[in-house]
Amino acid sequence: MKKTYFILIGVLFLNACGNKVQVTNNSYSPSLEDRYFGEKPPNLVPKLFDPKIVSPEGKFESGTFSPDMKEFYFTRKNGKYKKRTFFIIRYENNGWGQESETDIRWPQFSVDGNTMYVGKEYREKTDTGWSEPKSLGGFLKEQAHGISVSSNGTYYFPFFKKEDNGHGNLGYSRLINGKYENPIKMGAEINTGEYIAHPYIAPDESYLMWDVEREDGYGQSDIYISFKHKDGSWLTPINMGSIINTELQESSPHVTYDGKYLFFTRGEWKVKEDGSRNYVGKRYWVDAQVIENLRPNS
């Protein structure tokens, strides 16, 4: 079934707005039992991430924590939420507060939490909140459907060129002498298949995950991983297997900032009574050891 690129991004964005965004001043991070809203962490078998505090009616769709675990940006969809609705909930006064709707859409953060990515723009943390959106330059003009940034500031993202006839390719752009280079398309070992999207780059760039439809997949889009060789080349991509991938559509991988858990979306298209299609996706999480179990020994 043809994939659309309006599905959730494991890798997530901020919809820029003109007003400064509040940053919580609470100095205490959630206790261990409060992290992930008290949900019992998964083992090597993925489990649904559906905490009642963000999903009282089961309409939670996807979300991401800030690196300090004090904020969770999330979406609800379906049921009374005819359109995808965006929320934020904050950890304050030693507990999770009440969620509220927000203009912030799919934020992504630097590892140190001091930068919030805005798609083709970004914001920096200040003493009073987040700065106004700032342009990253023209290197992202053809970017779409996901973005991920390594610790040293290298951007990985899908981009589309006219000569590719609509077929996306993953590429990267490095910061060189204070300026981002033009995107460099990755090799055929990465850019094989259809609907290539939603990359996640490890902070140290030792591995790359993304979703794609390939002939050796389990059904619709699957999540693949490639590890970087010592010489800097990328090894043959590995389908992450039947534990992660199913006949449904798996997409949008993202590893938590502490490196402990892999989150991803699993969903399918459903036909409504009027004949239109509606994507229903849920967020799953699994112990990040599943990644290490695939890593080559040499």
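In this chain, residues are counted from 1 in sequence order.
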(message) Using the ring centroid of each side chain, check whether His254 and Tyr200 are separated by less than 6.0 Å.
(response)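 Here the rings of Tyr200 and His254 have centres that are less than 6.0 Å from each other.
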
Strictly by modelled atom types, are [X] and [Y] linked by a side-chain donor-acceptor pair under 3.5 Å?
X      : Y      : answer
Asp216 : Tyr224 : yes
Asp287 : Asn43  : no
Ser221 : Asp211 : no

(request) May I ask you to check if Arg90 and Phe72 form a cation-pi contact, with NZ or CZ under 6.0 angstrom from the six-membered ring centre and within 45° of the axis? (result)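 Because its charged atom misses either the 6.0 Å distance or the 45° angle limit, Arg90 does not stack over Phe72.
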
(message) Could you check whether Arg283 makes a cation-pi contact with Phe60, meaning its NZ or CZ is under 6.0 Å from the centre of the six-membered ring and within 45° of the ring axis?
(response)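 No, Arg283 and Phe60 do not form such a contact.
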
(message) Please determine whether salt bridge (charged side-chain N to carboxylate O under 4.0 Å, His left out) holds for the pair Arg174 and Glu181, giving the CA-CA distance in whole Å, both sets of side-chain angles, and the decisive distance to 0.1 Å.
(response) CA-CA 6 Å; Arg174 298 167 297 189; Glu181 63 185 348; 2.7 Å; yes

(request) Just do the side chain to side chain donor-acceptor pair (under 3.5 Å) check on Asn152 and Glu205 with the steps written out, would you? (result) CA-CA 9 Å; Asn152 66 7; Glu205 297 187 62; 3.1 Å; yes

Relative to the ring of [Y], is the ring of [X] parallel (under 30°), tilted (30 to 60°) or perpendicular (over 60°)?
X      : Y      : result
Trp130 : Phe109 : tilted
Tyr261 : Tyr36  : perpendicular
Phe74  : Phe87  : parallel

(message) Taking ring pair (Phe, Tyr, Trp, His ring centres under 6.0 Å) as the definition, give me every residue that meets it alongside Tyr180, ordered by chain and number, with sequence neighbours left out.
(response)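 In terms of ring pair (Phe, Tyr, Trp, His ring centres under 6.0 Å), with neighbours along the sequence ignored, Tyr180 is linked to Phe139, Tyr155.
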
(message) Going by the rule ring pair (Phe, Tyr, Trp, His ring centres under 6.0 Å), which residues pair with Tyr172 if we only count those two or more places apart in sequence or in a different chain?
(response)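 Scan of Tyr172 (ring pair (Phe, Tyr, Trp, His ring centres under 6.0 Å), adjacent residues dropped) gives Tyr156.
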
(request) Find out if a path of hydrophobic residues (ILVMFWY) with successive side-chain heavy-atom gaps under 4.5 Å connects Leu262 to Leu44. (result)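 In one cluster with Leu262: Leu44, yes.
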
(request) Flag the pair Arg76 and Glu61 as a salt bridge only when some basic side-chain nitrogen lies within less than 4.0 angstrom of an acidic carboxylate oxygen. (result)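 A salt bridge is absent here (no side-chain N lies under 4.0 Å from a carboxylate O).
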
(message) Test your reading of the model: is there a side-chain donor-acceptor pair from Ser66 to the backbone of Glu71, 3.5 Å cut-off?
(response)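 Judged by distance alone, yes, a pair lies under 3.5 Å.
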
(request) Could you tell me whether a side-chain N or O of Asn191 sits under 3.5 Å from a main-chain N or O of Leu170, the two making a donor and an acceptor? (result)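 Yes, the answer is positive, given that a donor and an acceptor are paired below the 3.5 Å cut-off.
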
(message) Let me confirm one number: the CD1-CG distance from Ile238 to Leu235, rounded to the nearest 0.5 Å.
(response)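 Going from CD1 on Ile238 over to CG on Leu235, the span is 7.5 Å.
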
